[in-house]
Amino acid sequence: MSFTSFVWEIGNISNKSSRKRHRLRRGQAHITPEASSSSSPGSPGSLTVQIEQRQWANLPPELLLDIIQRVEQREQCWPGRRDVVTCASVCRSWREITKDIVKTPELCGFLTFPISLKQPGPRDTPIQCFIRRERATSTFRLYMGLSPALSGELSKLLLAAKRVRRATGTDFVISLVGDDFSRSSNKFVGKLRSNFLGTKFNIFDSQPSRDSTVCSSCESCRKTHPGKVAPRVTTSNYNTAKISYELNILRTRGPRRMQCIMNSIPVSAIEGGTAPTPTAFTNCLDEHSSPLLDSAGRRPQVGSTSRSMQNVPLVLKNKAPRWHEQLQCWCLNFKGRVTVASVKNFQLVAAVEPSENVTITEQENVILQFGKIGKDIFTMDYCYPLSAFQAFAICLSSFDTKPVCE
């Protein structure tokens, strides 16, 4: 039996077991058969889980490791990458081995699990994606691939956002799926909020990026008396970045000027350091917080002499374009990824102070680029230390109306 047939057989068994669990546990959704500690040993649910895990969990670990390694090495892109996710959906032992084999996007350059969207991209080559705008429904969809013409139906949907206009600004609600934008859903991953003029934005994440003590304190706060019903809680938002567009009061010609303060990413990440890399989605619910704050709750000032590279947030700025005399327009080298001139096109590089000792190469390295290639089609390429979620949120800010910036 070929590896592809073997993996699809595993997927069919996993789907059948999921339907059985859905009939037994109405109202719950599980990807893999998890044994609940609260269920009694003789309950029907625990017996079903034991039978399902016994079918595949008893394989020798060496054989199981070799099988999953071969599947992971063979399927390097979507939709074939779905076979790797299927292996993680069989049972607990398969999932743990698959999680150990599959590396983060920083190391392997691939997006496999949903948590990969919150992890930084690769350092060397950017991950290439494209965004499709749907004007009728005010939705924006992020796909994995070079472009719709080249990827076609093989494009993998990564994230989706819906624009919601308010009296004081605009919200972009970001979800893992394209048909559920409820903030109380487990598909909700964050949002982008603008001010009234559309010149300042805040990126809110549904989970904290760095401070694990926030989660521990939050979990302790949710403990209730056994005889009481736990109160209904809503998803918290953690302010992880701020985006600001420079006002163009004189109406001079040229592209927009923007700056991004990544509160959750230290500036040391671009000079050999590390950026926050979550390993799983958390259900931590707490008050608004910003990861990189001092003991007094303030963000360190850029000109402070007592600061260190570890607690200073990374600042991104748009790369200055050059004026092309023959074309009579502002130009940037997008390396063929952008084909239509637009005020929305931009490239982001690190904005550092001379005292931070960042090399010229790192300062010129494009961390995120965004540009138009057709009607309602835009490309988005990002790399370390940004994640797909952060890059998508920054690009969404370019879609909001900015009459005072153009």
Side-chain angles (χ1 to χ4, degrees), residues 117-118 131-142 157-209 231-249 256-264 283-291 299 313 316 318 342-344 346 348 368 370 372 376 378 380 386-406:
L117 302 172
K118 293 292 187 73
I131 299 174
R132 183 189 297 274
R133 175 175 58 181
E134 299 179 3
R135 297 175 182 266
T137 58
S138 298
T139 57
F140 306 84
R141 301 176 188 272
L142 176 66
L157 176 64
L158 301 178
L159 292 169
K162 185 175 181 62
R163 177 164 53 191
V164 181
R165 298 191 182 276
R166 301 177 294 107
T168 58
T170 304
D171 281 356
F172 290 85
V173 183
I174 304 176
S175 173
L176 292 173
V177 296
D179 55 356
D180 185 4
F181 296 99
S182 174
R183 291 177 175 84
S184 60
S185 171
N186 59 355
K187 306 299 183 182
F188 174 79
V189 295
K191 69 178 180 181
L192 175 73
R193 170 165 291 183
S194 74
N195 63 352
F196 178 75
L197 296 178
T199 58
K200 296 184 182 298
F201 296 80
N202 288 285
I203 300 177
F204 295 96
D205 200 338
S206 60
Q207 64 179 16
S209 300
R232 185 180 183 274
V233 291
T234 57
T235 306
S236 293
N237 297 310
Y238 299 87
N239 193 341
T240 59
K242 295 182 178 180
I243 308 170
S244 59
Y245 286 83
E246 184 177 326
L247 297 178
N248 188 8
I249 301 177
R256 298 169 178 170
R257 298 180 181 180
M258 60 186 300
Q259 185 184 69
C260 305
I261 302 177
M262 310 304 297
N263 294 327
S264 60
N283 294 324
C284 177
L285 306 173
D286 202 354
E287 298 296 331
H288 301 313
S289 66
S290 183
R299 187 174 63 85
L316 303 177
N318 62 314
S342 174
V343 71
K344 296 180 176 63
F346 66 81
L348 292 185
L368 170 64
F370 171 79
K372 190 175 184 178
D376 297 327
F378 304 81
M380 187 195 84
L386 290 183
S387 65
F389 164 73
Q390 294 167 336
F392 184 46
I394 294 175
C395 294
L396 288 175
S397 67
S398 185
F399 288 106
D400 202 20
T401 305
K402 302 171 181 61
V404 296
C405 299
E406 301 174 359

Asks: Can you list the residues that meet the salt bridge (Lys or Arg N to Asp or Glu O under 4.0 Å) rule with Arg193, with sequence neighbours excluded?
Replies: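 Scan of Arg193 (salt bridge (Lys or Arg N to Asp or Glu O under 4.0 Å), adjacent residues dropped) gives Asp171.
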Asks: Kindly write out the residues that satisfy side-chain hydrogen bond (donor to acceptor under 3.5 Å, both in side chains) with Gln259, not counting sequence neighbours, or none if the list is empty.
Replies: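 Residues passing side-chain hydrogen bond (donor to acceptor under 3.5 Å, both in side chains) with Gln259: none at all.
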Asks: Just to verify, what does Thr137 make a side-chain hydrogen bond (donor to acceptor under 3.5 Å, both in side chains) with, not counting sequence neighbours?
Replies: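 Residues passing side-chain hydrogen bond (donor to acceptor under 3.5 Å, both in side chains) with Thr137: Glu134, Thr139.
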Asks: About how many Å separate SG of Cys260 and CG of Leu348, when rounded to the nearest 0.5 Å?
Replies: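 Taking CG in Leu348 and SG in Cys260, the distance rounds to 5.0 Å.
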Asks: Which atoms form the tightest heavy-atom contact between Phe181 and Ser175, and what is the distance?
Replies: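 Smallest interatomic distance, heavy atoms only, reads CD2-CB, 3.9 Å.
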Asks: For Ile203 versus Ile243, what's the shortest heavy-atom pair and its separation?
Replies: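 Distance-wise, the nearest heavy atoms are CD1-CD1, 3.9 Å.
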Asks: To the nearest 0.5 Å, how far apart are CG in Leu159 and CD1 in Ile174?
Replies: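 If I round to the nearest 0.5 Å, the distance is 7.0 Å.
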Asks: Would you please name every residue forming a ring-ring contact (aromatic ring centres under 6.0 Å, His included) with Phe370, sequence neighbours left out?
Replies: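 In terms of ring-ring contact (aromatic ring centres under 6.0 Å, His included), with neighbours along the sequence ignored, Phe370 is linked to Phe346, Phe378, Phe399.
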Asks: Hey, could you give me the CG/CD1 distance between Leu368 and Ile394, rounded to the nearest 0.5 Å?
Replies: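 Between atom CG of Leu368 and atom CD1 of Ile394 there are 5.5 Å.
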Asks: Enter the distance from Met258:CE to Lys200:NZ here, rounded to the nearest 0.5 Å.
Replies: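 Separation between the atoms: 12.5 Å.
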Asks: Looking at side-chain heavy atoms only, is the closest gap between Leu386 and Leu316 below 4.5 Å?
Replies: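 Yes - at least one pair of side-chain heavy atoms lies under 4.5 Å apart.
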Asks: Just jot down the side-chain contact (heavy atoms from CB on, under 4.5 Å) partners of Thr170, sequence neighbours excluded, or say none.
Replies: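 Thr170: side-chain contact (heavy atoms from CB on, under 4.5 Å) contacts with Arg163, Arg165, Phe172, Ser194, Asp400.
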Asks: Which residues pass the side-chain contact (heavy atoms from CB on, under 4.5 Å) test with Asp376, sequence neighbours left out?
Replies: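 For Asp376 the side-chain contact (heavy atoms from CB on, under 4.5 Å) partners, ignoring immediate neighbours, are Arg133, Arg135.
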Asks: Going by the rule side-chain hydrogen bond (donor to acceptor under 3.5 Å, both in side chains), which residues pair with Ser182 if we only count those two or more places apart in sequence or in a different chain?
Replies: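 Once residues adjacent in sequence are excluded, the partners of Ser182 under the side-chain hydrogen bond (donor to acceptor under 3.5 Å, both in side chains) criterion are Ser184.
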Asks: Nearest 0.5 Å, please: how far is CG in Leu197 from OH in Tyr245?
Replies: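 Separation between the atoms: 14.0 Å.
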Asks: With sequence neighbours excluded, tell me which residues meet salt bridge (Lys or Arg N to Asp or Glu O under 4.0 Å) with Lys191.
Replies: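 For Lys191 there are no salt bridge (Lys or Arg N to Asp or Glu O under 4.0 Å) partners, ignoring immediate neighbours.
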Asks: Any side-chain donor paired with an acceptor under 3.5 Å for Ser185 and Asp180?
Replies: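 Indeed, the side chains of Ser185 and Asp180 share at least one donor-acceptor pair under 3.5 Å.
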Asks: To check you understand the geometry: which heavy-atom pair defines the closest contact between Met380 and Ala388, and what is its length?
Replies: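 Reported closest heavy-atom pair: CE-O, 4.4 Å.
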Asks: Donor-acceptor check, side chain of Ser398 to backbone of Cys395, threshold 3.5 angstrom: yes or no?
Replies: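 Answer holds: no.
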Asks: Quick check: closest heavy atoms across Ala160 and Gly178, and the distance to 0.1 Å?
Replies: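 Taking Ala160 first and Gly178 second, the nearest heavy atoms are CB-CA, 3.7 Å.
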